[in-house]
Protein chains: 2
Amino acid sequence: MALEHAILVSLLEKPGSGYELARRFERSIGYFWTATHQQIYRVLKRMESDGWVDVRDVPQNGRPDKREYSVAGPGRDALSAWLRRPTGPESVRNDLAVKVRGASFGDPAALISEVERHRGAHTDRLAHYLAGAARDFGERSPDRPLDAECELQHVVLRGGIAYEQMMIAWLDDVLATLAGLEARR
Amino acid sequence: MALEHAILVSLLEKPGSGYELARRFERSIGYFWTATHQQIYRVLKRMESDGWVDVRDVPQNGRPDKREYSVAGPGRDALSAWLRRPTGPESVRNDLAVKVRGASFGDPAALISEVERHRGAHTDRLAHYLAGAARDFGERSPDRPLDAECELQHVVLRGGIAYEQMMIAWLDDVLATLAGLEARR
DNA sequence: TTGCTCATGTAAACTGTTACATGATTGC
DNA sequence: GCAATCATGTAACAGTTTACATGAGCAA
């Protein structure tokens with residue numbers, strides 16, 4: 001269980017409201033951990049009552065007030081304890097792999113458009129990552145290295161890029177295999 | 001939701017009991033879809049009452065009887081309908097990426113052993129996949145191609161291999177980044 | 001006799017998804 | 001006037017995880 005930890009990391013990078021966190025989970029953090037606003041509000045409430053975060057009501061002109069959360073001492077401790085604690089093997093959930101394996105009992109060709117759709121989604125995401133990498137980490141001089149926070153954000157982004165490239169290559173392999181089966185019939 | 005579909009695929013490959021399915025979810029299918037025996041028993045019961053699977057009581061000598069499930073017509077239909085139906089974007093859950101990004105607010109060096117542990121797990125899994133690939137798909141003659149089921153199992157396995165190789169390379173990148181931050185202090 | 005494998009389950013707690021609800025402001 | 005954005009929630013349901021429970025056989 002790590003939604004609270006993902007929220008702590010995000011709040012350490014910048015304090016914000018539940019709504020703002022939900023936005024961030026559609027971008028940046030959301031690329032390696034998904035959550036909806038309902039989940040976030042629920043967890044924020046629990047973390048507040050556990051003393052992991054502080055809240056501050058921020059009045060805004062012409063807009064509803066927002067409750068801005070920031071990480072408190074116990075939250076920081078909980079995060080650094082979690083960093084050290086071994087995390088179990090990730091649970092994999094790959095619909096498409098199940099579908100590909102299931103295709104042999106149905107019509108393999110029927111899967112082609114679905115695989116192409118996924119390929120498109122991964123291509124879009126890759127382009128998005130590459131643009132972000134160029135924007136945020138493009139102009140680095142070797143004699144003036146970035147700080148730790150930046151370096152670590154960059155290595156996570158490189159992971160996202162490697163993942164998307166791997167997926168696109170694999171989906172091409174799947175498409176070639178499906179086409180081969182089709183041609184053979 | 002696709003646990004029922006993963007179970008259908010597994011039962012089409014070979015009928016079996018809930019217990020046997022739970023074993024398979026620790027290997028083969030489990031590499032791209034995880035499930036515990038509790039989930040499996042619950043879903044099997046629902047699928048049985050929906051007529052997706054047939055059950056047969058198999059007495060065994062010296063062992064408890066087992067209830068062997070096999071896919072029925074409606075189950076096969078449900079599977080092929082799902083194969084055609086677009087599946088939403090996969091929800092990513094990567095603990096380690098959250099940890100790496102969180103490390104800048106704690107001690108980056110404290111994360112090194114955790115990353116090394118994950119690297120070891122991925123190396124083991126890669127070796128296991130490669131052994132399986134050599135065993136099941138090693139001796140192929142180009143003039144006698146395998147059947148569809150085999151080809152599709154093979155392409156899924158290639159995906160697993162590509163994933164593990166990508167992860168190991170990324171974890172090396174993470175380790176180099178963490179070491180670089182450590183050396184700089 | 002201790003622990004492992006085979007075999008099937010229940011119960012409770014937690015997490016995730018979908019739908020609904022409110023209310024102000026900004027831009028077309 | 002209509003839709004989108006900002007901002008915070010509730011409610012119901014579905015799915016997942018963890019712990020507990022039973023009981024037989026088999027091997028060190």
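Numbered from 1 within each chain, the chains take letters A, B, ... in sequence-line order.
- When the P atom of D/dT16 is taken as reference, atom CZ of B/F25 falls 11 Å away, rounded to whole Å.
- Note: CG (B/L21) to P (C/dA7) measures 12 Å, nearest angstrom.
- The pair A/R101-B/E149 does not count as a salt bridge, with every side-chain nitrogen at least 4.0 angstrom from each carboxylate oxygen.
- Phosphate contact (OP1/OP2 of C/dA13, side-chain N/O of A/R46, threshold under 4.0 Å): absent.
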Output one letter per nucleotide in nucleotides 5-12 of chain D: B when a protein non-hydrogen atom lies under 4.0 Å from the base, S when only the sugar-phosphate is that close, - when neither is. SBBBBB--
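- Pairs passing the ring pair (Phe, Tyr, Trp, His ring centres under 6.0 Å) check and including a residue from residues 84-124 of chain A, sequence neighbours excluded, do not occur.
- Residues B/R67 and B/E48 have side chains in contact (heavy-atom distance under 4.5 Å, counting atoms from C-beta outward).
- Legend: salt bridge (Lys or Arg N to Asp or Glu O under 4.0 Å) pairs involving residues 68-83 of chain B, not counting sequence neighbours, sorted by first then second residue: B/R56-B/E68.
- Under a cutoff of 6.0 Å and an axis angle of 45°, A/R93 and B/W33 form a cation-pi pair.
- Residues meeting the salt bridge (Lys or Arg N to Asp or Glu O under 4.0 Å) test with A/R24, sequence neighbours left out: none.
- Taking 4.0 Å as the cut-off between side-chain N and carboxylate O, B/E26 and B/R23 count as a salt-bridged pair.
- Rounded to whole Å, atom P of D/dA14 lies 18 Å from atom CZ of A/R93.
- One finds a side-chain N or O of B/Q39 lying less than 4.0 angstrom from the OP1 or OP2 phosphate oxygen of D/dT16.
- One interatomic measurement links the two molecules: CD1 of B/I40 to P of D/dT18, which rounds to 15 Å at whole-angstrom precision.
- Between the P atom of C/dA7 and the CG atom of B/L44 lies a distance of 14 Å, rounded to the nearest Å.
- Taken over five-pair windows at either terminus, the axes of the helix from C/dT1-D/dA28 to C/dC28-D/dG1 are inclined to one another by 30° (rounded to 10 degrees).
- For A/Y129, the ring-ring contact (aromatic ring centres under 6.0 Å, His included) partners two or more places apart in sequence, or in a different chain, are A/Y31.
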